[in-house]
Amino acid sequence: MRTHRCGELSRRHVGQTVTLNGWVQRRRDHGNVIFIDVRDRQGLTQIVFNPEISPAAHQQAHVLRGEFVVAVTGTVALRPEGSANPNLATGEIEVLVKTVEILNDARTPPFLIEDEGEVTEALRLKYRYLDLRRPKMQRLLRLRHEVMQQARSFLNGQDFLEVETPMLTKSTPEGARDYLVPSRVNPGCFYALPQSPQLFKQILMVSGIDRYYQIARCFRDEDLRNDRQPEFTQIDLELSFIDREQVMVLMEQMIRLVFQTTAGVELPAPFPRMAYAEAMGRYGSDKPDLRFGMPLHDLQDFASKTEFKVFRETLAKGGIVKAIVVKGGVEISRSRIDALGETAKGFGAKGLAWVKIVGAGQLESVIAKFLDARSLLAAVPDAQTGDLLLFVADKPKVVYDVLGRLRLLLAEERNLIDQKAWRPLWVVDFPMLEYDEALKRYVAIHHPFTAPLDEDLPLLETDPLKVRAKAYDLVMNGSELGGGSIRIHRREVQSQVFDLLGIGKEEAASKFGFLLEALEYGAPPHGGIAFGLDRLIMLLGGADSIRDVIAFPKTQRAQCPMTDAPSHVGPEQLKDLSIKLDLIE
RNA sequence: GGGGCCGUCGUUCAGCCUGGUUUAGGACGCCAGAUUGUCAAUCUGGAGGUCGCGGGUUCAAAUCCCGUCGGCCCCGCCA
């Protein structure tokens, strides 16, 4: 079989007799001389069939077709003067074939195995094994492997133990919808596939594992998106006897190493930090994209003094007024601004006020007569002649959300994003709870095991919404790479939080009883974090869909076009599981 | 649950708005022949499509209407 890979031969090998195995990429038949590119994971090598070297092999070359699997043996030779191919790693040499063996033939593939020319994704997924032969997909799979290896090797070096946790586990309240698995030996009972190994990794801390990690598959039965699959992978870890500062410092090292070794990207040290309140106030997002400016400007003072009724009434009702500055935005047409207004309404705003600064102290706007140019420009020092200001007045949550999203949309539209920049950011001091109007109760922003800041502990009883958590998210270029927290390690605090979340004693006992009990047996202070591996690969590899970084992903309807999963099962299988179907039309 | 875009030879795209001039066209691929230096080889010739599916309007439907299936994007959802 093979002596070399298709990407490794160079002028060093000239004169050697080698055997290559691989797939026929392309055949160029010149009559007497036939060229074939043989491809494997490593690359391409041009092999030459010449009747003067081997009439038999030359004869056989006529039947070779794309994607045939071959073994070729021949001599490595320098290509003739002027015929080297500088675009090919092996372009200086070629293999003069003595013998060729067809290891397998192949049907004509439904699409070409090359990066050029996009093919419908449905077709790619049906023939995923062919799609994965394409260099782009090979590169992404390799990148994924390398990221995992770098993370593993870093964590191993830091004395972490890789421990596997169950896939068949217990359904938990809160969070996403669970994937359920019926239990045959316990009729009527169901396992849930883990949404994350959260509870187990905390238990492992109680077990004295001290430092745990796992490249963990997680399952969430929610609707899919461009960056969301029903099963995805986390680099999941947990540490004992640490505080959040130590976690962040350690994780920065890991992320910096991964970026450096797998993508050659040097990230700043240390990563900047930002409190949640500042992220929301300045960027309208808890995962701000720092590759461009366009911050939100606070207009409380200005709005309180203006004649514009909408602003004043919003303030009177406890709302806020903020604005973003679109540099050079006077050129934006009225119809485009109206469309932005519709977009803003789609995001939940009641409306979008706008002002064009057409000259020194000169405003152009339907509301210009209510506004004093001088005090507006004083309130928004960024704004200059030629700029467009967009205002939203509403409850804080709406203002942040709408302006935050407009900020991203406009940055994209106006090409303000530095595509080469890498801007990591730790977002810290998240609120622990928010109030869910629909459920009429508090819900955990991170999860119910997140510890409150020590100094905010008393607020748990007096003003729970003011309580900040020992949580941290790592954000890169506006997407969340990972998040974690220091956990509650004392039973009484955990019970208090469950009370606030409206999780009764009985429910807590039946759902998390094992964790609560474990906390009573000497649980060490602990905390951890989980990184979304798929999204990390997307960022590093420049992939525009999560499906491109997963070998066998699902379509938007959570189906696999290759295997046709999920599928119906026979009555015997259902009977074994004590399941009767009641399909709703 | 909701909104949007898309579906035409193996692939990809045009044609659709404004129904008939289309025997549904181009490129890539495929097949055959030619070809001794190509590497997205080239040249010549050829095969290949019930226009996703069903129904309707019409003298006439790829084209207009309704429904349906599938793909993608987004909102909701994703502690």
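Just so we're on the same page: letters track the sequence lines, and every chain starts at 1.
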S.K.: Do side-chain atoms of A:Asn50 reach the backbone of A:Glu52 as a donor and acceptor pair under 3.5 angstrom?
M.R.: yes

S.K.: Before accepting this row, confirm whether a basic side-chain N of the pair A:Lys350/A:Asp394 lies closer than 4.0 Å to the acidic partner's carboxylate O.
M.R.: yes

S.K.: Verify, without hydrogens or angle tests, whether A:Thr90 (side chain) and A:Leu44 (backbone) share a donor-acceptor contact under 3.5 angstrom.
M.R.: yes

S.K.: Across nucleotides 72-79 of chain B, 5' to 3', mark each nucleotide with B, S or - according to how protein heavy atoms within less than 4.0 Å reach it.
M.R.: BBSBBBBB

S.K.: Tell me whether the NZ or CZ atom of A:Arg405 lies within the 45° cone about the ring axis of A:Phe347 and under 6.0 Å from its centre.
M.R.: yes

S.K.: For B:U44, which nucleotide in any strand shown is its Watson-Crick or wobble partner with both distances under 3.5 Å?
M.R.: B:A32

S.K.: Does any nucleotide pair with B:U21 by Watson-Crick or G-U wobble geometry, both distances under 3.5 Å, and what is it?
M.R.: none

S.K.: Is there any protein nitrogen or oxygen under 3.5 Å from a nitrogen or oxygen in nucleotides 4-8 of chain B, and what are the pairs?
M.R.:
none

S.K.: Rounded to whole angstroms, how far apart are CG on A:Asp115 and C1' on B:C28?
M.R.: 16 Å

S.K.: I'd like to know if the side chain of A:Thr45 and the backbone of A:Cys6 have a donor-acceptor N/O pair within less than 3.5 Å.
M.R.: yes

S.K.: Distances under 3.5 Å between protein N/O atoms and the N/O atoms of nucleotides 32-34 of chain B, please, pair by pair.
M.R.:
unit_1, atom_1, unit_2, atom_2, d
B:A32, OP2, A:Arg65, NH2, 3.2

S.K.: Contact class for A:Ala84 (heavy atom, under 4.0 Å): base, sugar-phosphate, or nothing?
M.R.: base

S.K.: Would you check if A:Phe111 stacks with the base of B:U11, given a 5.5 Å centroid limit and a 30° plane limit, both strict?
M.R.: no

S.K.: With sequence neighbours left out, which residue pairs that include part of residues 75-86 of chain A fulfil the side chain to side chain donor-acceptor pair (under 3.5 Å) condition?
M.R.: A:Thr75-A:Lys98

S.K.: Write down the distance separating the P atoms in B:U22 and B:G15, rounded off to the nearest Å.
M.R.: 16 Å

S.K.: Would you find a donor on one side and an acceptor on the other, under 3.5 Å apart, between the side chain of A:Arg128 and the backbone of A:Ala551?
M.R.: yes

S.K.: Strictly under 4.0 angstrom, non-hydrogen atoms only: write out the protein contact profile of nucleotides 43-48 of chain B, one letter per nucleotide from the 5' end, B, S or -.
M.R.: ------

S.K.: If only atom types and distance count, is the side chain of A:Lys470 paired as donor or acceptor with the main-chain N or O of A:Thr450 below 3.5 Å?
M.R.: no

S.K.: Checking the side chain of A:Glu67 only, and the main-chain atoms of A:Arg107 only, is there a donor and an acceptor separated by less than 3.5 Å?
M.R.: no

S.K.: What is the distance from CG of A:Asp37 to C1' of B:A41, rounded to the nearest Å?
M.R.: 11 Å

S.K.: With the criterion being N/O to N/O and under 3.5 Å, what pairs connect the protein with nucleotides 52-54 of chain B, and how long is each?
M.R.:
none

S.K.: Base, sugar-phosphate alone, or nothing: which one does A:Glu114 contact when heavy atoms must sit under 4.0 Å apart?
M.R.: nothing

S.K.: To the nearest Å, how far apart are A:His30 NE2 and B:C39 P?
M.R.: 7 Å

S.K.: Look at all strands and tell whether A:Gln559 reaches a base, only sugar-phosphate, or nothing, counting heavy atoms closer than 4.0 Å.
M.R.: sugar-phosphate

S.K.: Using 30° and 60° as the class limits, which term best fits the ring planes of A:Tyr127 and A:Tyr129: parallel, tilted or perpendicular?
M.R.: perpendicular

